[in-house]
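By convention here, the first residue in the shown sequence is residue 1. A quick note: this is a predicted structure, and the numbers were derived from the prediction, not measured.
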Amino acid sequence: MGLHSTQETWSTLKHLPFAVLLHDTQSQTYQANANAQTLFDLNTNSPLTENDFNHLTLINPLSKIIFSIKSLFNDYLLPHTSNQILIEKQGNTFLLNVRLAHVNESLSMLVFELIKNNVNEEYNFDKVISSISTDLIDIQIDDIDKHIDYALKAIGTVANADRSYLFRFNKNNTKMSNTHEWVNEGILPFKDTLQDVPKSALPYFFSLMNDTYLFKVNDTSTLPKAALSEKIEFEQQEIKSVLCIGLRYEKELVGFIGCDSVKELREWTDLDLIRLKLVGEILTNAFKNIDYRKKLELAQRQLITANKKLNELANTDGLTNIANRRSFDRALKNEIRRCVRNQHPIALIICDIDFFKYYNDNYGHQQGDEALKIVASTLNKLCNRQGDLAARYGGEEFVIILPATDAKQCKAFTTLIQKEIECLNIEHHYSNIAKRLTVSMGFYALIPNTKTLPEDLISNADSALYNAKKTGRNKASEFISE
């Protein structure tokens, strides 16, 4: 839209009986009618730029977020709906209703209605506390800090305090630390110096806190002699008045929330006390929720770990730590189905340690168990493809599933097994075929179909193993279908 068209539009809008601002996105300029000029103390010269609004502070009444006049037009308000904003100018705060309307692609209009003049923090506190409570209902541990900081700023501001803070006790309930602190402009913070403070250093304070969950002092100079330690601490921090509320969790004092005044003495009112208690209760409930969530997450992790361990125990051979018979049976069914779908071959090997009874009888069962572990580990390391599985079948027998493996490839694999077992060089002077530990193997490979059963592979591989043992041992024999 050209300048002439914008002026024509404004010549109509400026006569509306409300405070009106018009924004031209092409020229990034603003027009203000007489009511808006009065409301916002604007220069009558038009058009205006964003700099002409620098004397104003625009605030979200709930979040206290400050934003610019440009964002008010662009992304803060929903068109054709009523929104509330706070505007500060010359020390006064005004609560306004605002409506946004888009005149055309380049022109947007704001209409303002004054709701309340000289708004103070007390008016906003109910909304602020509602916002705090809502934010902390489903609080996550990774964003609680910003919500606590917001709550402390809210209570500190509404109570006209110079500081507001949160202290938490350690697990032994012997020390306290300032975990969060808000300070007013020009006030010295003390959070960093108030870490791991022994509770015994402030006996009068904690005596009252344990009995009444309240420490309310309008003038710290009037503290009794019993509060000498507290009086010295307050003088160091230049605290003239202080108000603290205890935080209880399952009837135990776990910390406190407080405000203090540095610049002048403060007569704490019942309203101050109620508001501080309310914020304290909200924070305590948030901590309870986080603590409950932590315990629940810990229990869930422990349950997952326990289930994983139980699953491993249920599917792992206790002696050799490779798959057991149960795991093998399930894997063989699954791999047969997969190979049927993909029309891939599958091979099964059954291994038997030669003359293992003689080994156990002469070297002892403990040495025999060690030999089984070594052989199992060797077979397991050779099964390094997805779907390959080495399992203990029973006693000194082991089985190996090789998906997508034909008879020729399986034969080569049995040769590799023999070489690896030979390299182990496990002494076996009581074997009838060698002076070291050897294995006999039977294997069977086929392209399965929907009628192929696990029992077929096992039976045929077992027949081949019988043939290998019958014809000399320390060898591999293939089952060939007739």
Side-chain angles (χ1 to χ4, degrees), residues 136 139-153 155-156 159 161-184 187-217 220-221 223-262 268 273 276-295 297-298:
L136 292 175
I139 193 70
Q140 302 295 323
I141 191 169
D142 55 352
D143 64 356
I144 189 172
D145 289 338
K146 66 179 182 182
H147 292 290
I148 293 176
D149 290 339
Y150 173 45
L152 291 179
K153 180 180 180 180
I155 190 63
D162 292 320
R163 297 190 194 94
S164 57
Y165 33 76
L166 172 67
F167 278 75
R168 301 289 301 274
F169 302 155
N170 63 354
K171 291 183 179 180
N172 297 328
N173 207 24
T174 57
K175 297 180 180 180
M176 65 176 184
S177 294
N178 186 341
T179 61
H180 299 78
E181 181 185 49
W182 169 83
V183 295
N184 212 338
I187 301 300
L188 186 67
F190 276 89
K191 177 184 174 184
D192 292 340
T193 61
L194 295 173
Q195 300 298 313
D196 293 324
V197 179
K199 291 172 66 176
S200 57
L202 301 171
Y204 180 78
F205 174 86
F206 282 105
S207 176
L208 284 179
M209 190 63 69
N210 286 322
D211 291 341
T212 65
Y213 306 108
L214 172 65
F215 189 80
K216 177 184 174 184
V217 181
T220 57
S221 67
L223 284 168
K225 291 182 179 179
L228 179 60
S229 299
E230 287 76 7
K231 195 171 183 179
I232 294 173
E233 184 68 30
F234 294 149
E235 286 176 354
Q236 289 177 347
Q237 298 181 37
E238 300 181 345
I239 296 174
K240 291 183 171 64
S241 305
V242 60
L243 175 64
C244 297
I245 298 293
L247 303 181
R248 288 175 286 178
Y249 182 35
E250 295 181 351
K251 298 182 179 180
E252 181 182 357
L253 187 66
V254 296
F256 62 89
I257 183 174
C259 295
D260 62 46
S261 179
V262 173
W268 302 111
L273 182 60
L276 191 60
K277 279 185 176 180
L278 183 57
V279 173
E281 289 173 359
I282 292 173
L283 291 178
T284 301
N285 288 330
F287 294 140
K288 287 179 181 179
N289 290 339
I290 289 176
D291 185 54
Y292 173 77
R293 189 175 288 114
K294 284 182 177 179
K295 290 178 179 178
E297 290 175 353
L298 176 61

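- Residues W268 and C259 meet the side-chain proximity criterion, which asks for heavy atoms closer than 4.5 Å.
- Taking each heavy atom of V279 and A151 in turn, the nearest pair found is CG1-CB, 4.1 Å.
- Counting only distance, with no hydrogens or angles, the side chain of K216 and the backbone of C244 share no donor-acceptor pair below 3.5 Å.
- L152 places a side-chain heavy atom less than 4.5 Å from the side chain of I257.
- Under a cutoff of 6.0 Å and an axis angle of 45°, K199 and F169 form a cation-pi pair.
- In this structure, the separation between NZ on K153 and NE2 on H180 is 15.5 Å, given to the nearest 0.5 Å.
- Between Y204 and F215, the ring planes are perpendicular. Angles over 60° get that label, and only those under 30° would be called parallel.
- In terms of heavy atoms, M209 sits closest to L253 at CG-CD2, 3.4 Å.
- Two residues are said to be in side-chain contact when any heavy atoms from C-beta on lie closer than 4.5 Å; R163 and I239 meet this criterion.
- Atom NZ in K231 sits 6.0 Å away from atom OG in S221 (nearest 0.5 Å).
- In this structure, R248 is positioned above the aromatic face of Y213, its NZ or CZ under 6.0 Å from the six-membered ring centre and within 45° of the axis.
- Taken to the nearest 0.5 Å, the CG atom of D162 stands 11.5 Å off from the CG atom of L188.
- With hydrogens and angles ignored, the 3.5 Å screen pairs a side-chain donor or acceptor of S177 with a backbone N or O of D196.
- Rounding to the nearest 0.5 Å places CD1 of I245 at 11.0 Å from CG of L278.
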Hey, mind stepping through L214 and L208 against side-chain contact (heavy atoms from CB on, under 4.5 Å) and telling me if it holds?
CA-CA 7 Å; L214 172 65; L208 284 179; over 6 Å; no

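- The backbone N or O of L194 lies less than 3.5 Å from no partner atom in the side chain of N178, so there is not a single donor-acceptor pair.
- To the nearest 0.5 angstrom, K277 atom NZ is 12.5 Å from L247 atom CG.
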Please report the C-alpha distance between E181 and F190 in whole Å, then the side-chain angles of each, then the deciding distance to 0.1 Å, and finally whether the side-chain contact (heavy atoms from CB on, under 4.5 Å) criterion is met.
CA-CA 8 Å; E181 181 185 49; F190 276 89; 4.1 Å; yes

Applying side-chain contact (heavy atoms from CB on, under 4.5 Å), run through I187 and N184 and close with a yes or a no.
CA-CA 6 Å; I187 301 300; N184 212 338; 3.9 Å; yes

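- Separating the CZ atom in R168 from the CG atom in L283 is a distance of 9.0 Å, to the nearest 0.5 Å.
- Counting heavy atoms from C-beta on, the side chains of L273 and L243 come closer than 4.5 Å.
- No donor-acceptor pair under 3.5 Å is formed between the side chain of W182 and the backbone N or O of Y165.
- In this structure the side chain of L202 reaches within 4.5 angstrom of the side chain of M176, judged on heavy atoms.
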Checking V242 against T220 for the side-chain contact (heavy atoms from CB on, under 4.5 Å) test, could you report, in this order, the C-alpha distance in whole Å, the side-chain angles of both residues, the deciding distance, and whether it holds?
CA-CA 8 Å; V242 60; T220 57; 4.3 Å; yes

